[in-house]
Amino acid sequence: MPLALLALAVGAFGIGTTEFVMMGLLPNVADDLDISIPTAGHLVSAYALGVVIGAPLLAAVTARLPRRRVLIGLMVLFVVGNALSAAASDYHLLLAARFLSGLPHGAFFGVGAVVATGLVAPERKARSVSLMFLGLTVANVVGVPIATLMGQQLGWRATFLAVSAIGLAAIAALALLVPADHGHGESTGLRGELRALGSLPVWLALGTTVAGFGALFAAYSYVTPMLTDSAGFAEASVTLLLALFGVGATAGNLLGGRLADHALRGTLFGGLASLALVLLLFPLFMKAEWSAAVGVTLLGMAAFTTGSPLQLMVMEKAAAAPSLASSANQAAFNLANAGGAWIGGLALAAGFGVTSPALAGAALAVLGLGVAAIAYAADLRRAPSTSPGRVITGTAPPPRQRTRH
């Protein structure tokens, strides 16, 4: 695998760290800025809103630029957003800085996925995407815990300065390792990009992403009360268990990339089915501490097995606008985050029990399987059909023109 994938992974590591670290720093930020924790929670939403808006917008306006230049520019915007977060003097400035930090997130992964697949042979495309996403999953194992500890010990502003430094390292790696002449954007123009993005197969692929990862976030958003109230863990142990989720996600990401290069659709169906099964069994996993640790690890593994296949499928369905479609898929991931958390919260509010969000997630995973099945059926209908037993060679002359020997 080319070293340019390492540069993409470094950028993904920084993005993953800044996306998830805010959850652990909410009490520190709330105390320092004299706001409530629910108000501080809007800082998480501001970042997600930046991702949803910035992903398709930035991918579209930079479509014709050299992709290495686009990636470096996106990381510059990322560094500026995090530096402004560290310097924010009040809540509203921090809110704006978090929104700015989220803008390049989706476009970076979208354009980065196009670059990653262009660096390798066709049979290794999914694996190359999974190696870029490796930075995101490793961030949950290493980056987020360290950044959270740094924020607790040195102040939350130190965390965002450190993330800015990671962004600078990513800029240097991109400049050094990504080939200067690698890949210019599409020449179809914005109208052509939007036309390619508007096809039914693309929307079915995006719908699979929303349902599939909505299943994950329906449960994961409420995993802490499940671990403490149902499995019996102390709150101090939750960080370690979330690291186990990151370990499972890392393993699933690598496994999904390898399997998808051999059977893209089969890996997607298998991943979604595994996710539905894990979530269905999640209330049983939460009956004891050892099984809860296993369940959290399996949850991360099953969910992220589908990450690379979904990204690659969206890109293939919008071949005329892969950067825009790939970036839109990142927006779909964040819609899944918000929507899944909302649906899981509805299950809790209805009084179905602390593990009920996992069952809601299982239903979403089954819905994802259904959308993926509809997409597969639509692909079959679009495929050229032949009569049973007929072999088309395209070269044989009509029978009446054959000569006898």
Side-chain angles (χ1 to χ4, degrees), residues 1-16 54-80 103-139 164-190 192-193 196 253-254 256-258 260-261 264 307-309 311-316 318-330:
M1 286 290 177
L3 282 176
L5 294 177
L6 175 62
L8 296 172
V10 173
F13 178 82
I15 289 174
L57 179 63
L58 292 179
V61 299
T62 61
R64 295 188 178 185
L65 298 177
R67 293 193 177 110
R68 186 181 76 160
R69 189 185 305 172
V70 172
L71 290 170
I72 291 174
L74 292 171
M75 287 310 300
V76 169
L77 183 59
F78 171 82
V79 170
V80 170
L103 285 176
H105 176 128
F108 181 87
F109 280 110
V111 177
V114 176
V115 170
T117 56
L119 290 167
V120 298
E123 66 272 13
R124 307 189 79 175
K125 284 186 175 182
R127 209 175 312 178
S128 71
V129 173
S130 72
L131 289 177
M132 180 186 68
F133 281 136
L134 186 64
L136 181 65
T137 56
V138 170
S164 299
I166 296 173
L168 291 174
I171 291 171
L174 290 168
L176 289 172
L177 300 178
V178 175
D181 59 346
H182 179 75
H184 290 252
E186 298 77 15
S187 59
T188 57
L190 181 57
E193 293 256 335
N253 173 56
L254 293 174
R258 183 170 290 272
D261 278 328
L264 178 62
S308 298
Q311 191 76 25
L312 196 58
M313 185 170 295
V314 170
M315 291 164 59
E316 290 182 350
S323 295
L324 181 57
S326 184
S327 299
N329 198 45
Q330 293 302 311

Over all heavy atoms of both residues, which pair between [X] and [Y] is shortest? Give the atoms and the distance, please.
X      : Y      : answer
Gly112 : Leu71  : N-CD2, 3.8 Å
Pro2   : Val120 : CD-CG1, 3.8 Å
Ala139 : Gly16  : CB-C, 3.9 Å
Phe108 : Leu8   : CE2-O, 3.8 Å
Ala113 : Ser326 : CB-OG, 3.6 Å
Ala126 : Ala260 : CB-CB, 3.6 Å

Can you tell me how far apart [atom1] ([X]) and [atom2] ([Y]) are? Round to the nearest 0.5 Å.
X      : Y      : atom1 : atom2 : answer
His105 : Leu103 : NE2   : CG    : 11.5 Å
Met75  : Ile166 : CE    : CD1   : 9.0 Å
Met315 : Thr117 : CE    : OG1   : 3.5 Å
Leu324 : Asn329 : CG    : CG    : 11.5 Å

Do the non-hydrogen side-chain atoms of [X] and [Y] ever get within less than 4.5 Å of each other?
X      : Y      : value
Val129 : Lys125 : no
Ser128 : Leu119 : no
Gln330 : Gln311 : yes
Leu264 : Glu316 : yes
Ser327 : Leu58  : no
Val114 : Val111 : no

Self-check item: Asp261/Arg124 ion pair, N-O < 4.0 Å
Solution: no
Quiz item: Going through the checks in order, is the side chain to side chain contact (heavy atoms under 4.5 Å, CB included) test met by Leu5 and Leu134?
Solution: CA-CA 10 Å; Leu5 294 177; Leu134 186 64; over 6 Å; no
Quiz item: With sequence neighbours left out, what residues match Val79 under side chain to side chain contact (heavy atoms under 4.5 Å, CB included)?
Solution: Ser164, Leu168, Ile171
Quiz item: What pairs meet the ring pair (Phe, Tyr, Trp, His ring centres under 6.0 Å) rule with one or both residues in residues 111-139, with sequence neighbours excluded?
Solution: Phe109-Phe133
